[in-house]
Amino acid sequence: DFIQLSREMFNIAQKNTLQYIILGMLQDDEKTGYDIKTAFTTEIGEFWQAKHSQIYPELSKLTKKGWIDFQTEIVGTKLEKKVYSLTKTGRMALLEWINEPLTELPTNKDEFVLKLYFIRSIDDQRLPEMIQQQIDLHQKKLEHLEDRKIAVFPDKKIKENYGHYLILMHAIHREEEYLSWLESLTKRA
């Protein structure tokens, strides 16, 4: 009964993915709230977004659940910072979430595609500029991702963080495919 109840409670809590992202960030080493926030502008920001206003309340909730703990450190003479670490219970919750099968695909929210949906004519004068803007944006994104691959995985050090490598390669392939699709649109527009 306890195991079934635990799984049911876990499935309800599972909808809050941010909590598991934070647990995952803490699985190898301690981090401050600032470190976690910064990760959303670098590595994790490539595929998931969270704001300061979401992260800090989530850290508080995770602490109350007993999934993370923190120590307060003094920086300089007065500045206090909290350094968070994963608890055993938090590690178990993270592992269970990773092992939980995904039963549906995520919703793709692409404003460009949404705008295209409302274009009624192949002769619409807005199309060439809209498409070119997207080509420029996706080309910059692809260049950024390729630079990250060189920076994060020098000398092909893939085995140390294989999951990160897979995500980065997925993002690179996604941008290449998107660019290919956009290029095909320029031939039609």
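In this chain, numbering begins with 1 at the start of the sequence shown.
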Between the side chain of [X] and the main-chain N/O of [Y], is any donor-acceptor distance below 3.5 Å?
X: Gln54; Y: Lys51; value: yes
X: Gln125; Y: Asp123; value: yes
X: Asp147; Y: His144; value: no
X: Arg91; Y: Gln27; value: yes

Minimal non-hydrogen separation, [X] against [Y], with atom names:
X: Glu80; Y: Ile74; value: CG-CD1, 3.4 Å
X: Leu116; Y: Met130; value: CD2-CE, 4.4 Å
X: Leu23; Y: Gly90; value: CD1-O, 3.7 Å
X: Leu127; Y: Ile122; value: CD1-O, 3.9 Å
X: Gly33; Y: Leu59; value: CA-CD1, 3.9 Å
X: Ile135; Y: Leu179; value: O-CD2, 3.6 Å

For Tyr56 and His52, take the angle between the two ring planes, folded into 0 to 90°, and tell me which bin it lands in: parallel under 30, tilted 30 to 60, perpendicular over 60.
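Because their plane-to-plane angle lies in the 30° to 60° range, the rings of Tyr56 and His52 count as tilted.
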Validation row: [X], [Y] side chains within 4.5 angstrom (heavy atoms):
X: Trp67; Y: Gln19; result: yes
X: Trp48; Y: Thr17; result: yes
X: Asp35; Y: Thr38; result: no
X: Lys149; Y: Met169; result: yes
X: Phe40; Y: Ile21; result: yes
X: Tyr178; Y: Asp110; result: yes

When hydrophobic residues are tied together by side-chain contacts of less than 4.5 Å, even through go-betweens, does [X] share a cluster with [Y]?
X: Tyr162; Y: Leu168; answer: yes
X: Leu185; Y: Leu137; answer: no
X: Leu95; Y: Trp97; answer: no
X: Val83; Y: Leu62; answer: no
X: Phe112; Y: Tyr117; answer: no

Evaluate the criterion side chain to side chain contact (heavy atoms under 4.5 Å, CB included) for residue pair Leu26 and Ile36; output intermediate values, then yes/no.
CA-CA 9 Å; Leu26 295 172; Ile36 292 168; 4.3 Å; yes
Test Gln134 against Glu129 for side chain to side chain contact (heavy atoms under 4.5 Å, CB included), laying out the working first.
CA-CA 9 Å; Gln134 289 298 304; Glu129 184 178 348; over 6 Å; no
Side chains of Ser121 and Asp124 only: does a donor on one sit below 3.5 Å from an acceptor on the other?
no
Give a yes/no verdict on a cation-pi contact between Lys31 and Tyr84, requiring under 6.0 Å between NZ or CZ and the six-membered ring centre and an angle within 45° of the axis.
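Pair Lys31/Tyr84 does not count as cation-pi.
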For Phe153 and His164, I'd like to know if the aromatic rings sit close, meaning centre-to-centre distance below 6.0 Å.
yes
To the nearest 0.5 Å, tell me how far Ser85 OG sits from Asp28 CG.
13.0 Å
Any chance you could measure His138, atom NE2, to Lys140, atom NZ, to the nearest 0.5 Å?
12.0 Å
Verdict with reasoning, Glu58 to Ile22, per side chain to side chain contact (heavy atoms under 4.5 Å, CB included)
CA-CA 8 Å; Glu58 196 63 43; Ile22 292 172; 3.8 Å; yes
Greater than 12 external heavy atoms within 6.0 Å of Lys141's NZ
yes
